[in-house]
Each structure stands twice: as C-alpha cells, then as structure tokens.
Amino acid sequence: MSVETRSQSEALASDLRDMWDQLEAIRRDAKALVSGLRPDQLAWRPAPDRWSIAECLDHLTRMAEAVMPSIDAGIANARARGWLRRGPYRPGPLQRWMLRGTEPPPKVRVRVKESLGPTAGRAPEECVARFFTAQDEIQLRLASSSDLDLKRIKIPSPVVSWIRYPLGFAFLFLLAHERRHLWQAWQVRRDPGFPG
C-alpha cells in the first residue's frame, strides 16, 4: 500500500476503512493469483462449462462496471440533498445473510445474466488489466462517499433493477462477490490439469 493510499484509508470512518482494507486484500490476492501466468494459463478452462481465471476476472469487472453508474448517481443525489454521514453503516439481518451466502466457498450456484458474464474472445491479459482498473474505480467511489450516509443512499441492483439497496450494502456485496470469484479462479489454478 502506498503512503498516499494509506493516508486515504486512515482518513476514512471505521466502516469505510474496513471496506477499503478488504478491497486492498482482494487486490493482493488477485495479484498473487495471476503472478507469473502466461495467457494460455489465464485462458485455460478445467471443463467446457467452467470459467477460466481470465473469465472470472472479466465477470468481476463487468459486474463492477454495471453497478458504478448507479453508485455515481447515488453519490451525486446524496450530495445534492445533503445526506451526510450519521454514523457507520451496518447491514441488517437479511443483508448479513445475503453477504454470508455470497462469500466463498459458494453454497449455491447462481446463473449469471449474459450481460454480466465473461466477454467472449477478450484477451486474457486485457481481462487482468481491466480487473485492476475496476478495483481502482471502486476505491475512488469508496473515498468519494466517505462523508455520506451509506444507509440512506439507495441504488438499483445490476441484476434485478426493481430491487434497491443501500450503498453500504452495494459496496459490501461487491467485495464478497469478488472474493467468491477469486476463490473460484484459485480453484482453476490449483486444478490438477492446469497447464504447467
């Protein structure tokens, strides 16, 4: 973590600092995952119906890109309305249950919307670069919402548009979802058939 990143993290309230630290841990895990891998290794699938490491990262990027416009709109709306922070964000019981169900290892397999699945034909190296760019974008949004009420700001789900949830939950869900698919990608790397 750079000095600038560390000082930004320390300036955040405890709930956002925790999310920031989770994001940093995800970034370190992803760097370890792809370290030293060739494009053919990043693109290797253990089975026709399973994703490669690159596809897992591409899915995470597409999910982040799908939710960021709503996060931006929620932040802009909160600023316009003066919805300033009242205290730390804490998910409710249903949200905690949903987060537990999202964490790895997966308890339930969920069919992914085609618009959020991996992009066919995208170069593996591009998937990796775009993933880390998306991590930077998520981090910017964490920092830009640091003085806002993360419970009052509601954004639509990128999966089911009529479902709206607090911005604090959106951040926590993104982080849990990223851990889930990084775990999935590690299973690919650890597969006995993984190319050497």
Side-chain angles (χ1 to χ4, degrees), residues 1-37 39 41-43 51-76 89 91 99 102-106 112-113 115-119 122-148 150 153 155 157-159 165-189:
M1 186 185 302
S2 71
V3 173
E4 180 182 334
T5 303
R6 187 176 298 116
S7 66
Q8 287 175 322
S9 170
E10 290 167 357
L12 297 173
S14 62
D15 56 338
L16 277 167
R17 188 170 46 251
D18 178 60
M19 292 178 206
W20 185 285
D21 292 345
Q22 289 181 52
L23 189 60
E24 285 294 319
I26 287 166
R27 191 187 313 264
R28 286 190 303 274
D29 188 41
K31 283 182 180 175
L33 170 69
V34 301
S35 178
L37 294 184
Q41 292 172 312
L42 290 167
W51 290 347
S52 67
I53 291 170
E55 288 171 322
C56 290
L57 296 179
D58 191 47
H59 165 62
L60 292 175
T61 301
R62 292 188 80 189
M63 177 66 93
E65 289 172 349
V67 77
M68 280 192 248
S70 297
I71 291 173
D72 292 341
I75 289 171
Y89 173 77
L99 291 170
T102 305
E103 291 286 353
V112 175
K113 266 175 78 169
S115 64
L116 297 173
T119 307
R122 181 164 280 155
E125 315 87 280
E126 183 185 353
C127 293
V128 172
R130 290 179 74 249
F131 171 79
F132 286 109
T133 298
Q135 300 310 290
D136 294 341
E137 293 296 323
I138 295 167
Q139 202 163 46
L140 285 172
R141 282 153 181 86
L142 278 171
S144 69
S145 63
S146 64
D147 62 333
L148 299 175
L150 299 184
I153 302 167
I155 66 166
S157 161
V159 179
Y165 43 70
L167 180 55
F169 177 76
F171 285 137
L172 291 172
F173 182 83
L174 262 178
L175 296 167
H177 181 253
E178 290 197 345
R179 282 189 290 272
R180 177 188 185 111
H181 288 287
L182 286 176
W183 178 91
Q184 177 185 358
W186 274 109
Q187 302 317 299
V188 173
R189 186 164 178 172

Margin query: So which atom in L175 and which in I26 form the shortest heavy-atom distance, rounded to 0.1 Å?
Written below: O-CD1, 3.5 Å
Note to self: Is there a side-chain contact between Q22 and R179 in this structure, where contact means two heavy atoms from C-beta onward sitting under 4.5 Å apart?
What the structure shows: yes
Next item on the list: Using atom types as modelled and distance alone, determine if a side-chain donor or acceptor of E103 lies under 3.5 Å from a backbone N or O of L99.
Entry: no
Checklist line | Matching residue for V67 among L116, I155, V159 - test: side chain to side chain contact (heavy atoms under 4.5 Å, CB included) | finding: I155
Checklist line | Beyond-backbone contact of D136 with F132, side-chain heavy atoms, under 4.5 angstrom | finding: no
Check: Backbone N or O of A32 within a donor-acceptor pair of the S35 side chain at under 3.5 Å?
Finding: no
Note to self: Can a donor-acceptor pair be found, under 3.5 Å and without considering hydrogens, that links the side chain of R189 to the backbone of A185?
What the structure shows: no
Check: Quick one: are P106 and Q184 in side-chain contact, heavy atoms under 4.5 Å?
Finding: no
Note to self: With rounding to the nearest 0.5 angstrom, report the CD1 to CG distance, I153 to L148.
What the structure shows: 4.5 Å
Check: Of the non-hydrogen atoms in L60 and F131, which two are nearest, and what is the gap between them?
Finding: CD1-CE1, 3.8 Å
Check: Does R62 come within less than 4.0 Å of E65, counting only side-chain N to carboxylate O?
Finding: no
Next item on the list: Kindly state each residue pair satisfying ring pair (Phe, Tyr, Trp, His ring centres under 6.0 Å) with at least one member in residues 51-71, sequence neighbours excluded.
Entry: W51-H59, W51-H181, H59-H177, H59-H181
Note to self: To the closest 0.5 Å, what do you measure between OG1 (T133) and CD (E126)?
What the structure shows: 10.0 Å
Note to self: Does any part of the side chain of Q139, heavy atoms only, come nearer than 4.5 Å to the side chain of E24, both counted from C-beta?
What the structure shows: yes
Next item on the list: Give the minimum heavy-atom separation between A134 and M68, together with the two atoms involved.
Entry: O-CE, 4.1 Å
List the atom pairs, donor and acceptor, that lie under 3.5 Å between side-chain atoms in residues 166-174 and the rest of the protein, sequence neighbours left out.
none

Next item on the list: Step by step, work out the side-chain contact (heavy atoms from CB on, under 4.5 Å) result for L16 and L150.
Entry: CA-CA 10 Å; L16 277 167; L150 299 184; 3.8 Å; yes
Margin query: Give me the atom names and distance for the closest heavy-atom approach of A176 to P104.
Written below: O-CD, 4.4 Å
Check: Closest approach of I138 and A64, non-hydrogen atoms and distance?
Finding: CD1-CB, 4.0 Å
Notebook entry, point to check: Going from CG on L57 to CZ on R122, what distance comes out if it is rounded to the nearest 0.5 angstrom?
Noted result: 12.0 Å
Check: Partners of A54 by side-chain contact (heavy atoms from CB on, under 4.5 Å), sequence neighbours excluded?
Finding: L42, S52, P124, C127
Check: Between atom CZ of R180 and atom SG of C56, what is the distance when rounded to the nearest 0.5 Å?
Finding: 11.0 Å
Next item on the list: Identify the heavy atoms of I75 and S145 that sit nearest to each other, and give their distance.
Entry: CD1-CB, 4.0 Å
Next item on the list: Apply the test side-chain contact (heavy atoms from CB on, under 4.5 Å) to residues E178 and L23: give CA-CA distance (whole Å), side-chain angles for both, the deciding distance (0.1 Å), then the verdict.
Entry: CA-CA 9 Å; E178 290 197 345; L23 189 60; 4.1 Å; yes
